[in-house]
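Structure first, commentary second.
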Amino acid sequence: MSETLAARIKNSLTRRRLIIGGAGLAAVSAAALARPRDHSGPRDGYFLNLQSALIEAGITTPTLVVDKARLNANIDTLMAALPAGMGYRIVTKSLPSPGLIEHVRQRSGTHRLMTFNLPMLKSLMTRMPDTDQLLGKPLPVAAAATCFDGSDAAPDGAAQRVQWLIDTPARLAQYGELAASRDVVLRINIELDVGLHRGGFVAGETLRTALETLRDNPNLRFAGFMGYEPHIPALPKAFGLRDRARASAWRAYNEALEIAATVFDADAMAAITRNAAGSPTYRLYHDTHIANEVSVGSALVKPTDFDTELLTPHQPAAFIATPVLKTAAGVRIPGIEFAGPAMRMWDPNRAETVFIYGGHWLAHPVDPPGLAFNETFGRSSNQEMLNAGTGLDIAPDDFVFFRPSQSEAVFLQFGDIAVYDGGVITDRWSVFAASA
């Protein structure tokens with residue numbers, strides 16, 4: 001018997017003895033108050049319509065679905081929130097599908113991408129050679145070198161349209177050597193530590209020296225700064241912690257800009273990228289004093305990790321749909337089947353069981369309502385068990401729907417994305433190969 005289940009049964013039996021033993025109305029009332037309520041209920045019409053569309057399209061396996069109308073609304077919400085002059089850069093790791101990225105490009109009117117790994121960088125160089133790609137994390141110089149060498153080298157000129165992210169003087173020296181050895185000019189973007197403390201430069205003499213190196217090296221060109229601050233909304237408002245973090249981040253960025261302005265002339269400074277933000281923070285920027293572009297990806301599909309106050313205007317636009325394989329009344333745990341009735345008596349959400357096709361994703365069930373994982377039975381990537389109350393209304397071959405908690409890894413697990421629009425599946429968008 002598992003320790004978790006043993007503890008649960010012991011607690012349940014203890015409560016029952018208190019009641020049967022005449023502990024009084026107070027004990028009965030306390031037990032009643034502590035007992036979980038049934039969270040099951042009628043299915044949402046939205047998901048019933050989505051289920052019909054999937055069945056009509058002949059989809060029979062776990063599938064990632066993007067609601068195109070909701071996606072469009074989120075893109076429009078983003079663009080409407082940007083202040084005058086603020087550019088938009090698509091975070092490709094959060095929307096890892098060429099078709100999805102191209103749709104966002106067309107609707108938002110941007111040619112700027114933020115890319116985070118070598119395979120995706122190379123793929124986008126070939127697929128979208130007109131784009132300006134800013135690396136979202138620094139790559140080892142050996143990885144960057146492959147863009148210039150061998151049969152899978154980037155198309156002519158494509159690597160010069162990349163802003164290579166540099167976080168240390170040592171990496172800057174390495175990229176300088178690479179540029180000289182290949183006789184190319186590399187655009188260099190400097191990563192700033194504006195409070196996340198995940199690496200990067202801070203304002204000071206080390207930064208000044210790096211900028212002077214960029215100014216004086218004919219094979220390197222200063223392309224701008226990138227300062228990422230997702231820690232800000234994660235901090236509590238209490239005691240002004242969040243406001244102080246925001247002020248500190250902007251002060252650190254501004255100090256870096258002031259140093260750069262002493263190394264480069266006004267024309268050069270006017271041309272640089274001043275990248276900041278991400279989905280959690282883009283709405284904090286009401287002018288272009290610090291940043292002249294923001295990077296956003298996840299907010300356009302809104303996984304559950306992005307259910308934040310600042311992103312309230314955005315709506316969920318991505319779901320995992322998976323068929324039900326089996327249903328059963330009650331809960332039967334192998335080897336301790338006798339405990340099932342006690343579990344159900346105490347927790348009405350253990351009245352029904354379903355087993356789904358696949359499972360164990362970074363996701364949360366949202367329809368039918370009330371479904372929950374059974375931690376005693378355990379998680380499964382093959383046939384996950386979920387339980388619900390007596391209001392559960394689902395049968396084999398119907399679909400259970402989940403909201404992903406993130407998009408960047410989850411989107412790559414299901415093959416082509418099903419595009420839902422106007423009540424039907426209208427398209428399938430391929431995804432990139434799995435990559436870190």
Side-chain angles (χ1 to χ4, degrees), residues 46-47 49-72 74 90-106 113 115-124 126-128 152 297-298 300-305 316-326 354-367 379-384 386 396-436:
Y46 173 83
F47 291 108
N49 291 337
L50 182 48
Q51 174 176 279
S52 297
L54 293 166
I55 293 171
E56 179 67 24
I59 293 173
T60 59
T61 58
T63 301
L64 196 290
V65 183
V66 167
D67 185 320
K68 193 173 185 179
R70 291 189 176 194
L71 171 66
N72 287 344
N74 287 337
I90 303 170
V91 178
T92 60
K93 71 176 176 63
S94 302
L95 306 169
S97 158
L100 176 54
I101 293 169
E102 188 58 50
H103 179 77
V104 176
R105 279 190 66 193
Q106 294 299 321
L113 307 178
T115 312
F116 288 78
N117 62 56
L118 184 63
M120 203 175 293
L121 174 68
K122 286 187 171 182
S123 177
L124 287 165
T126 301
R127 292 172 182 266
M128 304 177 190
D152 66 340
S298 297
L300 302 186
V301 290
K302 200 178 184 183
T304 59
D305 284 353
F319 304 95
I320 297 167
T322 190
V324 173
L325 298 180
K326 306 163 186 175
V354 300
F355 289 93
I356 59 172
Y357 190 148
H360 212 330
W361 302 297
L362 292 172
H364 307 277
V366 291
D367 188 84
R379 305 298 302 275
S380 172
S381 300
N382 175 37
Q383 299 180 63
E384 182 123 63
L386 295 102
D397 301 337
D398 288 344
F399 281 83
V400 168
F401 293 92
F402 294 76
R403 278 185 65 199
S405 59
Q406 61 167 251
S407 56
E408 57 198 68
V410 176
F411 274 39
L412 301 177
Q413 296 180 258
F414 301 92
D416 292 351
I417 295 170
V419 182
Y420 177 62
D421 191 28
V424 296
I425 303 301
T426 59
D427 204 352
R428 299 300 295 268
W429 286 336
S430 65
V431 296
F432 291 105
S435 54

With sequence neighbours left out, write down each residue that passes side-chain contact (heavy atoms from CB on, under 4.5 Å) with [X], or none if nothing qualifies.
| X | value |
| --- | --- |
| Ser405 | Thr304, Asp305, Leu362, His364 |
| Pro316 | Arg70, Lys302, Phe319, Arg403 |
| Pro365 | Leu371, Phe373, Leu386, Phe402 |

Item checked: Side chains of Tyr46 and Asp367, donor plus acceptor under 3.5 Å ->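 Checked: Tyr46/Asp367 side chains show no N/O donor-acceptor pair below 3.5 Å.
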
Item checked: Side chains of Asn117 and Ser435, donor plus acceptor under 3.5 Å -> yes

Any donor-acceptor pair under 3.5 Å from [X] side chain to [Y] backbone:
| X | Y | answer |
| --- | --- | --- |
| Ser407 | Ser94 | yes |
| Ser430 | Asp416 | no |
| Gln383 | Phe355 | no |
| Thr322 | Tyr357 | yes |

Mind checking whether [X] and [Y] have side chains closer than 4.5 Å, heavy atoms only?
| X | Y | result |
| --- | --- | --- |
| Ile425 | Leu54 | yes |
| Pro98 | Phe432 | yes |
| Ser97 | Val66 | no |

Please enumerate all residues that pass salt bridge (Lys or Arg N to Asp or Glu O under 4.0 Å) together with [X], with sequence neighbours excluded.
| X | answer |
| --- | --- |
| Glu102 | Arg105 |
| Lys93 | Glu408 |
| Arg379 | Glu384 |

Which distance, rounded to the nearest 0.5 Å, do you find between the [atom1] of [X] and the [atom2] of [Y]?
| X | Y | atom1 | atom2 | answer |
| --- | --- | --- | --- | --- |
| Phe401 | Thr63 | CZ | OG1 | 9.5 Å |
| Ile90 | Met128 | CD1 | CE | 7.5 Å |
| Leu50 | Tyr420 | CG | OH | 5.5 Å |
| Asp398 | Leu325 | CG | CG | 11.5 Å |
| Asp397 | Ile55 | CG | CD1 | 8.0 Å |
| Leu95 | His103 | CG | NE2 | 11.0 Å |

If I compare all heavy atoms of [X] with all of [Y], which pair ends up nearest, and what's the gap?
| X | Y | answer |
| --- | --- | --- |
| Ala69 | Asp421 | N-OD1, 4.1 Å |
| Gly423 | Ala53 | O-CB, 3.4 Å |
| Pro404 | Gln406 | CB-O, 3.2 Å |
| Thr61 | Pro323 | C-CD, 3.9 Å |

Next item on the list: Can you label the angle between the Phe414 ring and the Trp361 ring as parallel, tilted or perpendicular, going by 30° and 60°?
Entry: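 Taking Trp361 first and then Phe414, their aromatic rings sit tilted (interplane angle of 30° to 60°).
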
Notebook entry, point to check: Between Ile417 and Val431, does a side-chain contact (heavy atoms from CB on, under 4.5 Å) hold up when you go through it step by step?
Noted result: CA-CA 7 Å; Ile417 295 170; Val431 296; 3.8 Å; yes

